[in-house]
Amino acid sequence: MSGLARRLAGELIRSGVRHAFGITGSGISYDLIACLEDSGVPFYPVAHEAAAALMAGACCRDGRLRAAAIGIKGPGLANFIPGILSNRYEGRPALTVSESYSSAAPAYYMHKRADHAALCGPAAKGYARLDRELRSVGLLAELAVQEAPGPVHLDISDEPEREPQIRTHPDGESGLPHREDGGRAFERILEAVERSRKPAVVLGSMAARRLGSIRWDRLGVPVLATAAAKGCIDERSAFFGGLVTGEAGKLSPERNILQEADLIVGIGLRNTEVVRPIRAEAEIVIVDNAGHELSEGFQASAVAHPFDMEAAGEELARALSAKSWGEELLRRYWREVDRELFREAWLPARALRDVQERLHGKETILVSDTGLFCTIAETVWKARQPSEYCGSGNGRFMGTSVPTAIGLAVSHPEAAIVCLAGDGGIRPYWAELRLAAELRLKLFVLYMSDGGYGSIRRAAASRAGSGKPVEIAGSSWYRPMKAIGWEAVRVRSYREFRRALERADLDFPGPLFMEMAFDKTGYTSMTANLR
């Protein structure tokens, strides 16, 4: 093993890396993986590099660098890109590492002439080549966790650069934001809270990373969250107002809760965490610790960037605690939502509620892919804290739930991981499920099938065409799952589901797969009034 690989492994561990995923090459990446394993960092071989980046991202979902994905030059890096991009959307500071040619290598020597920096440019938050003193590792690690956190990429070769050179994404999200009026903006926000009679709070994911000690459920006013911030407030609380997405359906919290407020206080509320910025009659104010461009579109009357975010959050919480309203409004709202969701027995809402009840008392993390069932999961599954839910809340990136769930099962071996996937999302990384069987992970996959792309079918219902683009032939997977070592069952009614759930061994001697077949009509219409 090369001395460089051993030094690099040590630097990665000092930067926080505790798990590694990927597909090794025969050069320095092989030596690096061997050195990491010698130092107690396990390496998990995957079937596709994008899955490795997603698994590493799952380990870093709390905004801290904890994992790396390692691969080869050229095609290896190109395959990383979907996973890097998803991590960028979700603010997960995972590190990807690729073998590369040195900057001094002539073009005729390079048979894989991919421009790594150009490939990483739109997706990664930062890019660097390894330097002789390995300073680029620490610099990338520091950049990755700055608000807004995101993935970074390191190119390694046997001939490192003389000096570190970090390239950052040109969108300007990283670095210190402009601070307005020397704190005057925050004073204006406190004054707005004091004037208000019915303030409501909307939390972004920053609240989970920086303000986790605040009990938002004790404010006495409605507290909502973006999908990326699910669990920042205990969702069993009487003052939880639901998830804000920017899509205002008949039963959305935007239409039913925020329209009753006279002030909306966004805490880490960013335009990257909603489909479109909130539009409301009420005044909007925002407190955040990232650049102004992330607050654009909300038409906020004041945007503050306090130097001490924790102290500002505590002060704001105290000011909001002087107000009291909304408990009866929220009670009526959730009764209406439940009436909508549970009007039919055999749909995902009732199944998810029963699974959560069955796992009561166990440390559980729900991982959801994107699709109609994701909207149901975000509404029905009651997270008490951010660690209990992990989804593609920002990117809505189909296919991410399987590798994300595996990454969480590896990094949280004591937790029961429940993975939701649909007809489209089960397919891209199905081969990775063989790894879960080999490792005997505590993983429960709920495969929710209506035989096609349900959300697209609903959107395309009024359009001409054969309908074939939204149908999926051969959508049953429980027999292939058995063939690769999973315990697997198929259910087609609520009665069959209840019987299978009661019989399931949720102490998890190995992974479980439950295929759930639903009627297309009821499935397609189940979220019509939610968003």
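- In this structure, CZ in Arg61 is found 5.0 Å from SG in Cys390, a value given to the nearest 0.5 Å.
- For residues 355-379, every residue pair satisfying the salt bridge (Lys or Arg N to Asp or Glu O under 4.0 Å) rule, not counting sequence neighbours, is listed here: Lys362-Asp507, Glu378-Arg396, Glu378-Arg531.
- Of all the heavy atoms in Phe240 and Asp234, the pair that sits closest is CB-O, 4.1 Å.
- For Lys73 (side chain) and Tyr101 (main-chain N/O), no donor-acceptor pair under 3.5 Å exists by modelled atom type.
- A heavy-atom distance below 4.5 Å is not found between the side chains of Arg129 and Gln165.
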Please tabulate, for side-chain N and O atoms in residues 476-486, each donor-acceptor pair with protein atoms closer than 3.5 Å (sequence neighbours left out).
unit_1, atom_1, unit_2, atom_2, d
Ser476, OG, Glu515, OE1, 3.3
Ser476, OG, Glu515, OE2, 2.9
Trp486, NE1, Leu433, O, 2.9

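- The shortest side-chain heavy-atom distance between Ile406 and Phe21 does not fall under the 4.5 Å cut-off.
- With sequence neighbours excluded, the residues satisfying side chain to side chain contact (heavy atoms under 4.5 Å, CB included) with Arg276 are Glu247.
- Without hydrogens or angle criteria, Asn87 side chain to Ala53 main chain gives a donor-acceptor distance under 3.5 Å.
- Heavy-atom minimum distance, Lys442 versus Pro413: CD-O, 3.3 Å.
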**Request:** Before giving the answer on side chain to side chain contact (heavy atoms under 4.5 Å, CB included), spell out for Val244 and Leu269 the whole-Å C-alpha distance, their side-chain angles and the decisive distance to 0.1 Å.
**Result:** CA-CA 10 Å; Val244 168; Leu269 177 60; 5.6 Å; no
**Request:** Just do the side chain to side chain contact (heavy atoms under 4.5 Å, CB included) check on Val367 and Tyr389 with the steps written out, would you?
**Result:** CA-CA 6 Å; Val367 182; Tyr389 183 86; over 6 Å; no
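- Under the side chain to side chain contact (heavy atoms under 4.5 Å, CB included) test applied with Thr364, the options Leu506, Val418, Val355 reduce to a single match, Val418.
- Residues Leu130 and Val97 fail the side-chain proximity criterion, which asks for heavy atoms closer than 4.5 Å.
- Residues Val274 and Thr226 meet the side-chain proximity criterion, which asks for heavy atoms closer than 4.5 Å.
- Distance alone, capped at 3.5 Å, is enough to place a donor-acceptor pair between the Lys230 side chain and the Trp381 backbone.
- Of all the heavy atoms in Pro428 and Gly399, the pair that sits closest is CG-CA, 4.1 Å.
- A salt bridge links Glu147 with Arg209: the distance from a Lys NZ or Arg NE/NH1/NH2 to an Asp or Glu carboxylate oxygen falls below 4.0 Å.
- Within the structure, side chain to side chain donor-acceptor pair (under 3.5 Å) pairs that include any residue of residues 402-415 do not occur (at least two apart or interchain).
- A 4.5 Å side-chain heavy-atom check between Leu32 and Leu12 finds at least one atom pair inside the cut-off.
- Atom CD of Glu438 is surrounded by more than 12 heavy atoms from other residues, nucleotides or ligands within 6.0 Å.
- Note that the OH atom of Tyr127 and the OG1 atom of Thr168 stand 14.0 Å from one another [nearest 0.5 Å].
- Counting heavy-atom neighbours within 6.0 Å of Arg64 CZ, excluding the residue itself, gives a total of 12 or less.
- Looking only at distances, no side-chain donor or acceptor of Arg92 sits under 3.5 Å from a matching main-chain atom of Pro151.
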**Request:** Could you give me the CA-CA distance, side-chain angles and deciding distance for Asp155 and Ser98, then say whether side-chain hydrogen bond (donor to acceptor under 3.5 Å, both in side chains) is met?
**Result:** CA-CA 5 Å; Asp155 268 354; Ser98 291; 4.6 Å; no
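- Between Tyr89 and Phe397, the two ring planes are tilted [angle within 30° to 60°].
- With a 4.5 Å cut-off on side-chain heavy atoms, Val287 and Met309 count as touching.
- In this structure, Ala290 and Arg270 approach most closely via the heavy-atom pair CB-NH2, 3.5 Å.
- Counted within 6.0 Å of CD on Gln385, heavy atoms from surrounding residues, nucleotides or ligands total more than 12; the atom is thus considered enclosed.
- In this structure, His153 contributes its side chain and Thr96 its backbone to a donor-acceptor pair below 3.5 Å.
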**Message:** Working note: Cys419 + Leu443, criterion side chain to side chain contact (heavy atoms under 4.5 Å, CB included); need CA distance, chi angles, decisive distance, verdict.
**Reply:** CA-CA 7 Å; Cys419 173; Leu443 181 55; 4.1 Å; yes
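- Counting non-hydrogen atoms of other residues, nucleotides and ligands closer than 6.0 Å to CZ of Phe43 gives a total above 12.
- Atom CG in Leu140 sits 4.0 Å away from atom CD1 in Ile166 (nearest 0.5 Å).
- Here the CG atom belonging to Asp158 is positioned 6.5 Å from the OG atom belonging to Ser2, to the nearest 0.5 angstrom.
- Side chain of Ser39 to backbone of Val41: no donor-acceptor contact under 3.5 angstrom is found.
- Between atom CE of residue Met448 and atom CG of residue Leu372 there is a gap of 11.5 Å, rounded to the nearest 0.5 Å.
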**Request:** I would like to know whether Ser136 and Asp131 meet side-chain hydrogen bond (donor to acceptor under 3.5 Å, both in side chains); could you show each step before the answer?
**Result:** CA-CA 6 Å; Ser136 53; Asp131 64 288; 2.8 Å; yes
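- When all heavy atoms of Ala50 and Pro82 are compared, the closest pair comes out as CB-CB, 4.1 Å.
- A donor-acceptor pair is defined here as one N or O able to donate and one able to accept, closer than 3.5 Å; such a pair exists between the side chain of Gln356 and the backbone of Lys382.
- With Asn271 contributing its side chain and Glu293 its backbone, the two residues share a donor-acceptor pair below 3.5 Å.
- Annotation for Met516 and Ala351: closest pair CE-CB, 3.3 Å, computed over non-hydrogen atoms.
- Applying the ring-ring contact (aromatic ring centres under 6.0 Å, His included) rule to pairs touching residues 54-83 yields nothing, sequence neighbours excluded.
- Judged by distance alone, with hydrogens and angles left aside, the side-chain atoms of Glu235 form a donor-acceptor pair with the main-chain N or O of Gly231 at under 3.5 Å.
- Contacts of Glu388 classified as salt bridge (charged side-chain N to carboxylate O under 4.0 Å, His left out), with partners at least two apart in sequence or in another chain: Arg384.
- Contact check for Ile70 versus Thr24: no side-chain heavy atoms found under the 4.5 Å cut-off.
- Under 3.5 Å, the side chains of Glu161 and Ser103 contain a donor-acceptor pair of N or O atoms.
- Considering CZ of Arg215 and OG of Ser237, their distance stands at 8.5 Å, rounded to 0.5 Å.
- Side-chain atoms of Glu99 come within 3.5 Å of backbone N or O of Ser29 as a donor-acceptor pair.
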**Message:** Could you walk me through whether Met398 and Ser392 satisfy the side chain to side chain contact (heavy atoms under 4.5 Å, CB included) test, starting with their C-alpha distance in whole Å, then the side-chain angles of each, then the deciding distance to 0.1 Å, before giving a yes or no?
**Reply:** CA-CA 8 Å; Met398 188 176 69; Ser392 183; over 6 Å; no
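- Counting heavy atoms of neighbouring residues, nucleotides and ligands inside a 6.0 Å radius, atom CD of Glu310 exceeds 12 of them.
- Leu77 has its side chain out of reach of Ser100: every pair of non-hydrogen atoms, C-beta onward, lies at least 4.5 Å apart.
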